[in-house]
Structures are given as structure tokens and as C-alpha cells.
There are 2 protein chains.
Amino acid sequence: MSSLEPGQRSHLAKIARLYFLEGESQAAIARRFGISIATVSRAIAKAKDEKIVEFRINDDAGHFGELELHLEREWNLAECMIVRGFEDSQTTFAALAVALTEMLQRLLRDGSVVGVSWGETLKAIGEHLGPVRAPGVRVVPIIGTMGDIETGIYPNSIARSFADGLSARQYLLNLPALVDNRAIRDAMVEDSHYRTVQALWATLSVAILSVSGLSESTSMYRSGILSAAELQELRDAGGACASNFAILDARGNTIENPITDRLVGLPFRDLERIEHVIVVAEGSAKAPALRAALKSGVVDRVIVDERCASEVETPRVPV
Amino acid sequence: MSSLEPGQRSHLAKIARLYFLEGESQAAIARRFGISIATVSRAIAKAKDEKIVEFRINDDAGHFGELELHLEREWNLAECMIVRGFEDSQTTFAALAVALTEMLQRLLRDGSVVGVSWGETLKAIGEHLGPVRAPGVRVVPIIGTMGDIETGIYPNSIARSFADGLSARQYLLNLPALVDNRAIRDAMVEDSHYRTVQALWATLSVAILSVSGLSESTSMYRSGILSAAELQELRDAGGACASNFAILDARGNTIENPITDRLVGLPFRDLERIEHVIVVAEGSAKAPALRAALKSGVVDRVIVDERCASEVETPRVPV
DNA sequence: CGTGGATATGCAAATATTTGCAAGTATTGT
DNA sequence: ACAATACTTGCAAATATTTGCATATCCACG
């Protein structure tokens, strides 16, 4: 730790002033003082070190720059976007969709393949996705179908709304997400229908996921895919989060569970190979599930509302 | 003037935060957001423009960075150094000498030729000049001698103290500064003594000057070189400043005067060809003279105490 | 709808900055 | 005083940043 002689300090300040405030190049400063460019560079580095020059970011109040950065660092994310939360969840979803649109605009390339999961969050967001200009994008579900009738949260429907928003080509996955037993699943994944989608999954550059807790407010329960008893079983087994039908414990590890063997969808761990794994979540209720998903380490990018974000950062202690 | 959409602002803030506060490279930021490096560079430029990022210099209180910069810009100087003023002029001279030493340390190269003028200020400073490591430096007076006995302000003596301080070789100028009439001067400048020094003057890379007003407190009067009547004559002709025996008016133009034709020294306008022209001045009394010298446009670098500096910047209105 | 100007973007060339290295210079302990 | 060690510096190579240019997009107006 080198301390500074008195004169040194004002000399560094002068160089920093010329560089940062006056916009002079380091070469010009070097000429002016008759020292080398390298010395100027090192002087500026030292001025930063010694806090002789400080930077101030004038973010709008009402933006969440600090918190975003905090979460990015804490969870090793490439990017965290926090949007303002509204009373009405639907409005918040629209705001999240705007953020996701902007993010996809940046991330998508010609020919990118986007995998879309399932759930009420993604359904709502798909409906509000804005147009993105990127040619040749393909959208594919990463979870099988469920239900016999096309409801709003039918995975192919959600993928369609994403494809529409992105002006992309949609690929269908016409196999059920959950079959009766492992044997059936094992047989099914041999079929060319699965093989085709699987090949597409192998080329995914973006995956878009949501998370859910395992209370009875989860879509998986409300749409009748899991029974109350099955949910209880999952919670008993330590389940804290469901994402694309994978069940994670609070540490972010996938846990074995009654549905694992009967599932047709992109395996959770396969997300690791995907360049951009985006999770979207709305509301503080999602925070514990989101935290579990973050702990898994496979999530790159997060788009959440402020309530979810602050709850993730500073969890209320359960009473 | 491009205004910013709401989202734009926080986006720029985020990039600026990553770049300035987190120290991420622009390339890393570009990868993170899926945009090009050029776009990041432009975003940072815009963030500066829009004052989304601001720089703060934590100069010591008691230093004069702002004022230095102000004077540098106002007078188009390469460098202005302001030192703390002390009650005792001699102490202030010592402080000025320290600053000059540091400046010369940076400016001098192997073989540099330094021209030194004359006066009480330079005499005092020469005595306090610190050691400078630069080999092969040569020091030469830029004004002829005066007086018959070696006093402290004898030009060759001043040059000698500079040479000592700089561990430099000293060259003498053994011709009188002021002769009786033009004819004598014209004859003298044909002599090889003058020619030798003149050749050296042509290679000067640094000139060190002081300034003086034309009141009866000037060394030129006190050491008997000019009479009170001659001083009055110079004042009447609009003279505001003497520097190396050149007389300048308040606009910085050299003015014809009774001594011009009888002078043996480096002509004031020849300073224009010298890379570094340094003026040293102490005390608010020197301010008007310094301002005239600055107006001449030949001065590159100024070393003054705070009193002189503030008086130059904000002259008291004469009552 | 189509057109023209203003704006934004990426590529790649031009600049600018940083850094490894070697040589020189203070500092320290003997 | 002397050697060993820690700093500092400038050079030049390696990186990083900026910018000219061509292209693509957006928007206002006919």
C-alpha cells in the first residue's frame, strides 16, 4: 500500500482533471507535461485507486440500476433487468414483456432457436411481446403438451404467441408432457416426433423459463396436472421450485420426484449448454422459487419486477 | 439536441455503471448485452454528454487545480502551476523554485539548452532550485551583463546558480546589457562573443523569465540601470511590463522605448520560437505585468503563487 | 404507400490506452 | 559505503476504444 506524498496528490488530480473533465487524450497530457504516455496512464489508474477521481451515475430515481448490478454479481448473471411493478399483475407482465422484447432484440441472431417453457407468466408475456427484427428465428416449446383442448396455457399456444411476437417460425411439440409411466415415456422418446424436437433443442441459443413455487396456486395444480397430494409429496421431498416441470430444492439441485420419469421435455440440466437462459418472474411470491432456480447456476439472465427483485435480495424471515 | 426516451436513460446508466464503477471493458459489456463494441463506446460517450455519468476530482483543499486549469485555458498555456503563498517572499520563492524544479525535471532532455533571464525573482529562485537529473543540459543567460561588480542579480551569477541546480554546464554572456547608443550595439553584435551566444540562443528549448512592473520598485530602477525619468517615460509610452528588458504595453505588444536600441539580449519576439517559455512571478503586485506578458502570447508556462494567480484572474478595479 | 432525411448499427481501420519488460533510481539494512 | 530490494520509468507490443463508412431502420410528409 503506497501512500502519497503531498505533491503527488495534486499532480494526479491535475492529470485526472484534464483527462476526465477536459477530455484531453493521455497523449496530449503526456506532451504537455513532458512525460510518457505510459506514465499518464498509470497516473490515471492511480487516481482511480486513490479515489482522487470518482464517478457518479445519475440514474433516474425509480430505476433499479444498483439492485440489478447487485443481483448480477451475487448470482453471477450476465444480465438482470428489473421493471417497475404495478398493482395489476397483467400490467406488470406487459412491462416484463417490454423488457424481454428489448433483451431478445439484442440477443437474437439470424437463425437463432428459442425455446419457450410454459406457465401463466409466459402466457401473459407472450401476449405482450413486441416485434423484434431478426430474421430466421425459430421458436420451439421445451415441454410437452398438456390437456386435450387448447387453453391459453397450452405450451404450443404459448410458443405460438412468442413466435408471432418475434416474427419467427414456430415448431410444434405434439407429445404429452406427462405420460402414465416410465415405460411409455421411454418408448415415446424413441419416436421421430421426439427426435425432431430433440434435434432442435440441441441447437437452442435462448431458453425462456418461468418459475413456480409448489403451493396450490401453481398452474400445475390449478390446471389439474398435479394433484394436491402430489404437490404435498414434492414439498415433503424438499421441493422449492418448479421450472419447466423440473423440481428444484432450495439449494438449486434437481430432485427426484414422482413425475421425473414420466416427463417429456427438455431436461433441466440441459439448460447448461444453452447460451442464454432467461427466467422471467413476477411478484414477491415467486422469490423463493426464483432463488432456488438461481442457485442451480444455469440461469444467465433474469427479468423481474421490483417486488420480486427486492424479495430475492432481502427475503422476509418466515414467521 | 437529441432527447432521451425513458428507457434509454437507464440503459446508458447501466453501461456507464459497468464501465466506470465496475471497470468492465467495453468489449465485455458488448458481449454481455449482445451489442457491438462500437455501440458501447457510443453509449458511454452519450452518457457523458447527457451527464448520466459525472466525474468528481477530489483535489486537496489548499490546492489550486481549478484555478490552474482556468488560467491555462484563458491564456492558452501548456501549464500553469500555482503554489501556496507565504508571508515571507523568500519562502514563497523557495516554493516556486520547488515547482520549477519539478517542471524542469519533466521538460529537460539530454542536451537541452536553457535560457535564463534576470531579476530578483530569478535570483531567489535560482538559489533554491533543487537537483534535476538530466545530463548534458546547458544554461545560458539571455540578457547581457550589468554593473561592474558581481552582485547577486548579475545575470551570469543567476545563470550560474541555475546551472548549479541543474548540474548543467554554464555559458557566459560577457557583453553589457545596455550600451550607450545604437551604433555601439550594432557594432557589438557583430563580434564573435555575441555570435557565439546568439548561436546558443537559437537552440534554446527552455527560457525562464520573470516580469516586472514599471514602478520604482523594479530591480531595473533599484540597481540603477534605469533612472526615474526613464521609467516615467516608459510608463507614459504605455509600458506595463518589463521582461528580459523588453517593454510591453498592457495588450502585450512590445513598445519602442529609449533602451530598445541599446540593448544586448535575446529579443522578446524570439521567444516565440522556443518550445517552453516559462514565466515565474510572485505576489499580487506582479499581476498586471504578468497579464501583459501573457497577452503577448509567447508564454507557455507560468509558475506563480496564489496571490499573483488570483489577482491575474480577478484584477481589483483600480480606485 | 412511397420517398427523403435523420438516426442507429456493425464492420474494420485508425487511434488511444494499457502492460510486460528491461534498465535506471531511490531506499533500506548491514 | 555497499549490496539487496523495491519503485519508477519509457519503450514497444498487446489490447482496448473510437470513428469513417456503408447499410438498415424509422418517421414525417406528400
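Side chains are part of it too, since the values below use all heavy atoms of this structure and drop only hydrogens, waters and symmetry mates. Residue numbering restarts at 1 for every chain, and letters A, B, ... go by the order of the sequence lines.
Distances shorter than 4.0 Å separate none of the side-chain N or O atoms of Y19(A) from OP1 or OP2 on dA16(C). Residue T39(B) places at least one side-chain N or O under 4.0 Å from the OP1 or OP2 atom of dG10(C).
The interatomic distance linking E24(A) (CD) with dT15(C) (P) rounds to 19 Å, in whole Å. Distance CZ (F20(B)) to C1' (dT17(D)): 12 Å, rounded to an integer number of Å. Atom-to-atom, CG of D49(B) to P of dT7(C) comes out at 14 Å; the value is rounded to the nearest Å. In this structure, the CG atom of L108(B) is 16 Å from the P atom of dT9(D), given to the nearest Å. When the C1' atom of dT18(D) is taken as reference, atom CD1 of I35(B) falls 15 Å away, rounded to whole Å. The distance from atom CD1 of I15(A) to atom P of dT18(C) is 12 Å, rounded to the nearest whole Å. Atom CD in Q105(A) sits roughly 9 Å away from atom P in dT9(C) (whole-Å rounding). Atoms CD1 (I44(A)) and C1' (dA16(C)) sit 11 Å apart, rounded to a whole Å.
Judged by distance alone, the side chain of S41(B) and the main-chain N or O of I37(B) form no donor-acceptor pair under 3.5 Å. Between the side chain of T92(B) and the backbone N or O of D88(B), at least one donor-acceptor pair lies under 3.5 Å. Side-chain atoms of D305(B) never come within 3.5 Å of backbone atoms of G85(B) as a donor-acceptor pair (strictly under, hydrogens ignored).
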E66(B) vs H70(B), side-chain hydrogen bond (donor to acceptor under 3.5 Å, both in side chains): CA-CA, chis, key distance, verdict: CA-CA 6 Å; E66(B) 300 258 351; H70(B) 183 101; over 6 Å; no
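When the nearest nucleotides of DNA chain C are assigned to A38(B) and V40(A) by heavy-atom distance, the more 5′-ward of the two goes with A38(B). The residue among S36(A) and A28(B) whose nearest nucleotide of DNA chain D is located toward the 5' end is S36(A). Take the nearest nucleotide of DNA chain D for A27(B) and for R109(B): the residue whose nucleotide is more 5' is R109(B).
Looking at heavy-atom distances under 4.0 Å, S41(B) makes contact with a base. Residue contacts shown for I37(A) include a base, since a base heavy atom lies under 4.0 Å away.
Ring to ring, F55(A) and F20(A) are close: their centroids are under 6.0 angstrom apart.
Checked by distance alone, R42(A) brings a side-chain donor or acceptor within 3.5 Å of a matching partner on the base of dG10(D).
Among the nucleotides dG10(D), dT17(D), dT25(D), the one closest to any side-chain atom of R133(A) is dT25(D).
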